[in-house]
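What follows is a single structure, written as structure tokens, with notes after it.
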Amino acid sequence: MITLQTSSTSHQVNYRFNDAAAMCSFFCLSEFVGCSPSLSGAIRVNPWSIDAVSDAMYSALKTSPEHRRLRHDKHWKYVSEHTVAFWAASYVQDLARSTKQHVAMKCYGLGLGLDTFRLVALDANFKKLDDQPLLAAYRSTQRRLLLLDYDGTLIPHRNITAAPGPAVLDILAALTADPANEVWVISGRSQQELGGWFKDVPGVGLAAEHGFFIKPPGRPGWHSRFPLADHSWQAMVMPILKQYCECTDGSHIEVKASALVWHYGDADPDFGNWQAKELLDHLEDVLSNRPIEVISGNTIVEAKPQGVSKGSLVELICKRDPVVTGEVAPHHPGSTSLAAGVVGSGPVWAASPSPAAAAAAGADSHPAAGAATVTSMQDLPPGFGAAAMAARSLGQQRQPATAAAGGGGGGGLASPTAQQQQMQIDQAGSGQLVQSPQDQQQERAAPRDLTGVAVDFVLAVGDDRSDEDMFTAIEQYADTPRHPAEVFACVVGQKPSKAKFYVNDVNEVLDLLAKMGGVTLPPRNSSFTS
């Protein structure tokens, strides 16, 4: 028996006979019927196409009785179990499950959408950040880490100019002047923009393109965390982005060194969101077999290499990775003067070996070359302890290095003068680093201290979806028993977030940072506060 079925599954349940022939029925369903995807064994056709219908019926006639019986049994089992009562109970269960926590949640209106009034439900524990507990924790801790987003956090998204104002620069300069503070600005913007804007605040650490490029605090240059990244995928993605730009008025493409970004902030909001969802699915299908991830942010869709995120960078900062913090020089591909490396989240980077280690390994120990190597590592700001960190990461021992340096004329790390100017490794104790009195005196005037005391205060502020990885990373750091710390994850604006606190706008962020840095901000015009 062949049936051209165009009704719902409730009618199909009644289509059963007592004779054996009815057990071999075959369904030809209209592709416009909602139940057609559920009956996978049926032939779906366009009922307006006579040729398609006739071909489907012919295929059904040619199907063997055994095959038709298997399909019939499969369909009958499905429609007999998934009845109207089943679907009604399923919908009620879904509604009950989705509203189970609504009593403990707070709902906020977002305004009218295209055809609905939009609401957002937030956890009751999600509360506004109180200045007093945060400032009390800030003043009582010895080692502080401040992680700040840029757009939407330090400056408004719709600001006339993207450059930071004098107030932002003054606040960051005051915060970095405290040797107990380590301040990072982690943004999706390019290294040229961040480097130009913050060139007058050398003590702040910068991370461009979500951490693909970094400039550690107090260091003059940038380096890539992924120098061997493959960018050939951009040739595949660019034509797709151009097509969506042509179809979406007000959108444009931003080309970064590590990523491609489609912006639709100036497009119609609802149409832009539709296009963004479609583009997200399209790019995920195209790049499914490549190590590329596609993310959606604040009116953007971005394609970037896997592993490039604020969260992965923050994990290394919290773990005090010596390359990320600037204590060890990064290994550049193709360099022959670098020795064994420190493993980070991407490539293997290394520190320059001391002349003593080079002499012990049979390397060239020319005085000029050795002096240049030592000088490059001692150019770090006081308190960084880069030479000791490099020696420890390379597995070098102080005594062999001392003997080798003594035979070479005393120009290496183990010479008496150098020993007084760097961190010492306690060979007999617990392995902690200790400082000479000269180092302690220099450290009081140093821009920051990256050795010794563990971070016991972390503040992370952001406003975008890319900042959610950063919030997760610091919460994981706080859960580590070895690193008890006061952690404050704060999102700008009341929105669903992994952060536990929120502030209303950029002005509240700047007010909070100004109190922490002891900076007095000029009065704002109330007409332009929001």
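Excluded from the calculations below are hydrogen atoms, water molecules and symmetry mates; all remaining heavy atoms, backbone and side chain alike, are included.
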Under a 3.5 Å threshold, yes or no: a donor from one side chain and an acceptor from the other, between [X] and [Y]?
X      : Y      : result
Asp51  : Ser49  : no
Asp463 : His157 : yes
His75  : Arg71  : no

Looking only at the aromatic ring of each residue, does the gap between the centers of Phe457 and Phe488 stay below 6.0 angstrom?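 Between Phe457 and Phe488, which both carry aromatic rings, the centre distance is below 6.0 Å.
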Does Trp76 have its ring centroid less than 6.0 Å away from the ring centroid of Tyr78?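 Ring-ring flag for Trp76/Tyr78: false, centres at least 6.0 Å apart.
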Passes side-chain contact (heavy atoms from CB on, under 4.5 Å), Trp48 versus Phe32? Steps please. CA-CA 10 Å; Trp48 300 101; Phe32 303 123; 3.7 Å; yes
Under the side-chain contact (heavy atoms from CB on, under 4.5 Å) rule, what do Leu129 and Lys500 come out as? Steps first, then yes or no, please. CA-CA 9 Å; Leu129 182 64; Lys500 296 182 179 180; over 6 Å; no
Answer whether the closest heavy-atom distance between the side chains of [X] and [Y] falls below 4.5 Å.
X      : Y      : result
Phe471 : Val491 : yes
Phe212 : Ser224 : yes
Cys245 : Ile253 : yes
Val286 : His282 : yes
Lys310 : Asp467 : yes
Arg144 : Leu175 : no
Val294 : Val301 : yes
Ile474 : Leu147 : yes

So which heavy atom on [X] is nearest to which on [Y], and how close?
X      : Y      : result
Trp184 : Ile214 : CZ3-CB, 4.5 Å
Glu293 : Pro305 : OE2-O, 3.7 Å
Glu315 : Ala473 : CG-CB, 3.8 Å
Cys28  : Ala60  : SG-CB, 4.4 Å
Ala499 : Cys490 : CB-N, 3.9 Å
Tyr264 : Gly297 : OH-O, 4.5 Å

Check: [X] side chain, [Y] main-chain N or O, donor-acceptor pair, under 3.5 Å:
X      : Y      : result
Lys215 : Arg219 : yes
Thr83  : Val79  : no
Asp321 : Val324 : yes
Arg465 : Asn298 : no
Lys304 : Val308 : yes
Glu209 : Ala257 : yes
Tyr150 : Ala162 : yes
Thr472 : Glu468 : yes
Ser288 : Asp285 : yes

Salt-bridged, [X] to [Y], with N to O below 4.0 Å?
X      : Y      : result
Lys256 : Glu302 : yes
Glu475 : Lys498 : no
Arg320 : Glu182 : yes

Using side chain to side chain contact (heavy atoms under 4.5 Å, CB included) as the criterion, point out the one residue from Leu512, Thr176, Leu510, Val183 that pairs with Ile171.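 Among Leu512, Thr176, Leu510, Val183, the one meeting side chain to side chain contact (heavy atoms under 4.5 Å, CB included) with Ile171 is Leu510.
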Picking from Val503, Val461, Val492, what satisfies side chain to side chain contact (heavy atoms under 4.5 Å, CB included) with Glu508?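 It is Val503; the other options fail the test.
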Going through the checks in order, is the side-chain contact (heavy atoms from CB on, under 4.5 Å) test met by Ser251 and Trp262? CA-CA 7 Å; Ser251 64; Trp262 183 69; 3.4 Å; yes
About how many Å separate [atom2] of [Y] and [atom1] of [X], when rounded to the nearest 0.5 Å?
X      : Y      : atom1 : atom2 : answer
His263 : Leu241 : NE2   : CG    : 10.5 Å
Lys128 : Asp131 : NZ    : CG    : 6.5 Å
Arg225 : Phe213 : CZ    : CZ    : 11.5 Å
Ile292 : Ser232 : CD1   : OG    : 8.0 Å
Ser90  : His82  : OG    : NE2   : 8.5 Å
Leu148 : Leu172 : CG    : CG    : 7.0 Å

Considering residues, nucleotides and ligands other than Ile160, do more than 12 of their heavy atoms fall under 6.0 Å from its CD1?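 Atom CD1 in Ile160 is not crowded, with 12 or fewer foreign heavy atoms closer than 6.0 Å.
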May I have the step-by-step check of side-chain contact (heavy atoms from CB on, under 4.5 Å) for Ile43 and Leu29, ending in yes or no? CA-CA 6 Å; Ile43 299 178; Leu29 292 179; over 6 Å; no
